[in-house]
Protein chains: 2
Amino acid sequence: MENFSQTEENYLKAIFKLSEKEDKPASTNAIAGEMSTSAASVTDMLRRLAEKGLIHYEKYKGVALTEKGNKLATGLIRKHRLWEVFLLEKLRFSWDEVHEMAEQLEHIQSPELVERLDDYLGRPKFDPHGDPIPDAKGNFTFRKQVFLSSLLPNEAGAVVGVNDHSPAFLQYLDRIGLKLGTQLRIAERFDYDESLRVLLEDSGEQILSKKVSQNLFVQKF
Amino acid sequence: MENFSQTEENYLKAIFKLSEKEDKPASTNAIAGEMSTSAASVTDMLRRLAEKGLIHYEKYKGVALTEKGNKLATGLIRKHRLWEVFLLEKLRFSWDEVHEMAEQLEHIQSPELVERLDDYLGRPKFDPHGDPIPDAKGNFTFRKQVFLSSLLPNEAGAVVGVNDHSPAFLQYLDRIGLKLGTQLRIAERFDYDESLRVLLEDSGEQILSKKVSQNLFVQKF
DNA sequence: TATTATTTTTAGATTAGTCTAAAAATAATT
DNA sequence: AATTATTTTTAGACTAATCTAAAAATAATA
């Protein structure tokens with residue numbers, strides 16, 4: 001497989017991310033937002049990525065990944081998430097610290113390294129934030145998960161992932177003793193501000209704001 | 001500490017390497033050789049590295065690292081060698097495979113990561129090739145080592161390092177069962193081609209060519 | 001010391017990635 | 001449908017890192 005620059009790889013990841021959540025071609029402006037750069041720079045890059053067969057691109061029509069581009073982006077996500085597991089499980093970083101480092105490590109070029117790392121970590125299916133880690137063929141493990149905010153009073157489940165990956169949110173969760181795997185039950189729902197009173201496995205009862213409950217994924221029992 | 005480009009970092013490493021072995025300012029041409037690039041490119045880069053206070057540079061006079069440049073280069077060597085240990089000890093790569101990957105990993109920017117990695121590996125003082133790993137302050141552990149070729153008949157010692165790091169040499173050593181730590185004794189020296197008959201700890205007797213014995217470091221008993 | 005050879009630097013061009021400002025295309029609104 | 005607003009692209013310029021070819025400085029040799 002050819003090699004691509006880190007910048008090219010980051011564009012592919014951005015396009016992947018955007019077309020994943022919106023499920024339609026990514027716009028130049030959206031990519032510029034994701035990459036914190038100008039629309040002009042994006043246009044330039046799109047021309048080049050298209051030339052290399054990584055994206056389908058028509059002027060003014062937006063952009064989608066080709067088979068090849070998709071494979072590459074998936075590989076990057078695989079590397080990123082495996083390194084995050086490594087940093088957390090082996091080097092004992094906390095889940096709010098690992099992103100920046102993984103952002104660099106994902107660009108290390110060595111297929112053999114990725115497979116060995118995967119082995120070493122015990123072939124994990126999810127990363128420290130609960131996001132699925134694609135396997136060597138690019139297949140993601142799917143899981144029936146819902147937003148905590150969608151649970152009704154007395155319903156119970158386990159926290160399996162976060163939607164917001166910001167350090168601030170993750171540190172907040174640490175503070176209230178909420179981790180992946182934590183079991184919980186909805187005690188009460190306040191219509192006033194859509195906050196929830198929640199019974200947590202270990203750390204007792206907590207009021208969770210709407211914003212918080214919209215950023216937690218749970219698997220219902 | 002500011003950040004520098006991978007290219008700048010690689011130049012610093014090259015200059016470090018050259019002035020380490022020659023113990024005098026590195027020449028433009030030597031650097032060009034080390035970096036596999038043109039002398040013109042080197043001159044360009046030297047101007048920039050000097051501006052950033054990383055090297056002492058006078059036109060036509062060659063180049064030496066400043067305090068700052070030396071710190072940076074030492075940090076790179078530290079990272080390189082720690083990653084090599086990781087790849088070998090944890091991911092079970094062999095010593096002829098690790099260099100290329102470490103060459104990329106050494107550019108990962110995160111002081112915290114380096115320290116955690118060092119901890120995780122048990123603060124090793126030497127890498128898989130027997131080269132010393134500088135500590136966080138940049139201090140190398142020195143060791144009284146000599147070339148195997150300098151041993152006299154009946155002298156004994158342990159292999160502690162290699163001078164030639166090429167995969168071909170390392171694979172040859174694997175083949176004859178010679179690793180770091182292997183104990184040996186000189187049985188006979190042949191004046192004809194300066195080869196040695198050597199008694200190896202486990203793998204019995206071997207004839208080692210002059211070239212081989214000049215590329216092995218041993219610590220005498 | 002004069003001449004030749006080697007090393008190093010300068011000059012000018014190229015590529016990747018970026019920028020701002022202006023032009024062109026598309027979408028939204030009256 | 002015409003006008004306005006938004007999005008996207010083009011044009012032109014900049015920086016980092018590279019190259020080749022030529023000029024300048026240093027070193028080696030007759």
Side-chain angles (χ1 to χ4, degrees), chain A residues 2-15 17-19 21-22 24-65 69 72-73 76 103-104 106-107 109, chain B residues 2-15 17-19 21-22 24-65 69 72-73 76 103-104 106-107 109:
Chain A
E2 310 143 83
N3 281 7
F4 299 93
S5 75
Q6 297 202 182
T7 309
E8 289 169 325
E9 292 192 339
N10 286 334
Y11 271 95
L12 290 177
K13 265 205 328 173
I15 296 165
K17 202 177 197 178
L18 290 168
S19 32
K21 85 166 65 158
E22 290 290 319
K24 61 175 178 184
S27 75
T28 301
N29 253 2
I31 297 168
E34 193 70 35
M35 296 290 295
S36 310
T37 185
S38 70
S41 301
V42 173
T43 302
D44 258 16
M45 181 55 92
L46 294 184
R47 205 180 19 72
R48 253 171 312 117
L49 293 177
E51 247 161 45
K52 298 188 179 182
L54 294 164
I55 58 172
H56 298 294
Y57 171 53
E58 273 184 286
K59 277 191 203 172
Y60 296 102
K61 300 289 176 199
V63 129
L65 294 176
L72 227 144
L76 287 165
E103 206 66 15
Q104 298 179 58
E106 74 190 4
H107 298 294
Q109 305 277 7
Chain B
E2 310 142 81
N3 280 7
F4 300 92
S5 75
Q6 297 202 183
T7 309
E8 289 169 327
E9 292 192 338
N10 286 335
Y11 271 97
L12 290 178
K13 264 203 331 173
I15 295 165
K17 202 177 197 178
L18 290 168
S19 32
K21 86 166 62 156
E22 291 289 321
K24 60 173 178 186
S27 76
T28 301
N29 252 2
I31 298 168
E34 193 70 35
M35 296 289 297
S36 309
T37 186
S38 70
S41 301
V42 173
T43 302
D44 259 15
M45 180 56 91
L46 294 185
R47 205 181 19 73
R48 252 171 313 117
L49 292 177
E51 248 162 44
K52 298 188 180 184
L54 295 164
I55 58 171
H56 297 293
Y57 171 54
E58 274 184 285
K59 279 191 203 173
Y60 296 102
K61 299 290 177 197
V63 130
L65 295 177
L72 225 145
L76 287 165
E103 206 66 17
Q104 300 179 58
E106 73 191 5
H107 298 294
Q109 306 277 8

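Residue numbers begin at 1 in each chain, while the letters A, B, ... track the order of the sequences.
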Intermediate values then yes/no, salt bridge (Lys or Arg N to Asp or Glu O under 4.0 Å), A:E8 and A:K52: CA-CA 10 Å; A:E8 289 169 325; A:K52 298 188 179 182; 2.6 Å; yes
task: Strictly below 4.0 Å, heavy-atom distances to any atom of DNA chain D: list the hits from residues 24-40 of chain A, or just say none.
output: A:S27, A:T28, A:N29, A:A39, A:A40
message: Using a 4.0 Å cut-off to any heavy atom of chain A, which nucleotides of DNA chain D are the first and last in contact, reading 5' to 3'?
response: D:dT7 to D:dT10
- prompt: Between B:Q6 (CD) and C:dA16 (C1'), how many Å, whole number?
  reply: 15 Å
task: Let me know the distance between CE of A:M45 and C1' of C:dT18, rounded to the nearest Å.
output: 10 Å
statement: From CZ of A:R48 across to C1' of C:dA16 the rounded distance in Å is 6 Å
Integer-rounded Å distance: C:dA27 P and A:Y60 OH: 11 Å
task: Give a yes or no on whether the backbone of B:I15 and the side-chain of B:S19 come within a donor-acceptor separation of less than 3.5 Å.
output: yes
message: Could you walk me through whether B:E34 and B:K13 satisfy the salt bridge (Lys or Arg N to Asp or Glu O under 4.0 Å) test, starting with their C-alpha distance in whole Å, then the side-chain angles of each, then the deciding distance to 0.1 Å, before giving a yes or no?
response: CA-CA 10 Å; B:E34 193 70 35; B:K13 264 203 331 173; over 6 Å; no
- prompt: Taking OP1 and OP2 of C:dC19, is either one under 4.0 Å from a side-chain nitrogen or oxygen of A:S41?
  reply: yes
statement: Separation of C:dT18 atom C1' from A:E8 atom CD, nearest Å, is 14 Å
Check: A:V63 and A:L18 side chains under 4.5 Å, non-hydrogen atoms: no
- prompt: Just checking A:T7: base, sugar-phosphate only, or nothing, at a heavy-atom cut-off of under 4.0 Å?
  reply: sugar-phosphate
message: Counting the atoms with a prime plus P, OP1 and OP2 as sugar-phosphate, which does A:F4 contact under 4.0 Å by heavy atoms, base, sugar-phosphate, or nothing?
response: nothing
field: Heavy-atom side-chain proximity of A:Y60 to A:S27 below 4.5 angstrom
entry: no
query: Side-chain contact, heavy-atom cut-off 4.5 Å: B:L72 with B:F4?
result: yes
message: Using a 6.0 Å cut-off, check whether atom NZ of B:K59 has over 12 heavy atoms from anything other than its own residue.
response: no
- prompt: Just by modelled atom types, is the B:A32 backbone N or O under 3.5 Å from a matching donor or acceptor in the B:S36 side chain?
  reply: no
message: Less than 3.5 Å apart, any donor N or O on the side chain of B:E9 or B:Q109 sitting next to an acceptor on the other?
response: yes
